Every structure is written in structure tokens, then in C-alpha cells.
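Reviewing the structure listed below.
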Amino acid sequence: QVQLVESGGGLVQAGGSLRLSCVASGRTFSNYGMGWFRQAPGKEREFAAAISWSGGTTYYADSVKGRFTISRDNAKNTVYLQMNSLKPEDTAVYYCAADTSLAGPPAYDYWGQGTQVTVSS
């Protein structure tokens, strides 16, 4: 079992920045790839970014590429999402998730409760 707790959301003006954190407890954090997802009001949850267990490989949705950076600190059991040049369309609840797959497609079996990010125009 893995417990995930996000923090760092809030209200920011367009063009501003926020850094989200997700602290994991339970099973060994460094075993898992991690992902950030978001869900805007009335929309499906969508992928934002992911990082491999070592931090050596990262993936981004086209909508955030060049503005968001995912990173992790395995010594602190924490994954981060640095969000710069925020836009109103980035407004959503942001969730972190743990990928339990050992190979092949990711399997995000553990999810945090989410943190709200609101970007005003």
C-alpha cells in the first residue's frame, strides 16, 4: 500500500508559478514511477507529466511541455511539479499517482486526494 499526499496548490495570476509536492509513505517510493494528472471542472482527468523511478526519464503532455517540470527526491519520498507561465486553462485539481507496473504500460494504482490549482486571468 502507498499513501500519497499532495500540497502546494493555490490561487495564482496568469503568468505566475507554483510548485506542487507529493509525499509518499508506505512501500518503497523509489520502486515506482510517478505521475501528475489533472482534472478541470466538467472534464476528464488527463495526464500532465511522469517520471521514472530513478528520475532519469520524464514525460510531458504537449499542453504543459516547456512550462512544467517534474522531478523527484527519493531520499525525501517526494515528487514535485514545478509549474511556470501558468495559464487560466491550467486550472484544475492536480493529482499525483504511483505507477506500480514493472514493465510495459504504466499502471497508476495509487492516487492522492488532489490539490486545487486556480489560475486567474
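Worth saying up front: this structure is predicted, and the values here are computed from it rather than measured.
- Using a 4.5 Å cut-off between side-chain heavy atoms of Ile, Leu, Val, Met, Phe, Trp and Tyr, Tyr32 falls into a hydrophobic cluster with Val2, Leu4, Val12, Leu18, Leu20, Phe29, Met34, Trp36, Ile51, Tyr60, Val64, Phe68, Ile70, Val79, Leu81, Met83, Leu86, Tyr94, Tyr110, Val117, Val119.
- Side-chain atoms of Thr28 never come within 3.5 Å of backbone atoms of Ser30 as a donor-acceptor pair (strictly under, hydrogens ignored).
- Between Gly56 and Ser52, the shortest heavy-atom contact is N-OG, 3.2 Å.
- Taking Asn31 as the reference, nothing meets the side chain to side chain donor-acceptor pair (under 3.5 Å) condition, with sequence neighbours excluded.
- Residues satisfying the side chain to side chain donor-acceptor pair (under 3.5 Å) criterion with Thr100, sequence neighbours excluded, are Asp109.
- Through direct or indirect side-chain contacts shorter than 4.5 Å among Ile, Leu, Val, Met, Phe, Trp and Tyr, Tyr95 is connected to Phe37, Phe47, Tyr59, Val93, Tyr108, Trp111.
- Proximity of Gln39 to Glu46: side-chain heavy atoms (C-beta onward) are nowhere separated by under 4.5 Å.
- Note: Gln13 CD to Thr118 OG1 = 13.0 Å, rounded to the nearest 0.5 Å.
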Check your understanding: For Glu6 and Ser21, what are the C-alpha separation, side-chain angles and deciding distance, and is it a side-chain contact (heavy atoms from CB on, under 4.5 Å)?
Key -> CA-CA 6 Å; Glu6 303 98 333; Ser21 300; over 6 Å; no
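- Taking the charged nitrogens against the carboxylate oxygens, Asp90 and Lys87 have no contact shorter than 4.0 Å, which rules out a salt bridge.
- A donor-acceptor pair is defined here as one N or O able to donate and one able to accept, closer than 3.5 Å; such a pair exists between the side chain of Asp99 and the backbone of Ala107.
- By the side chain to side chain donor-acceptor pair (under 3.5 Å) test, Ser25 is found to be paired with Gln3, residues two or more places apart in sequence or in another chain being considered.
- Of all heavy-atom pairs between Ala14 and Ser121, the closest is CB-CA, 4.4 Å.
- Listed by chain and residue number, nothing satisfies the salt bridge (Lys or Arg N to Asp or Glu O under 4.0 Å) test with Arg72 (two or more places apart in sequence, or in another chain).
- Residues Asn84 and Ser17 approach most closely at OD1-OG, 2.9 Å, considering heavy atoms.
- Residues Ser63 and Arg38 are in side-chain contact: their nearest non-hydrogen atoms beyond the backbone lie under 4.5 Å apart.
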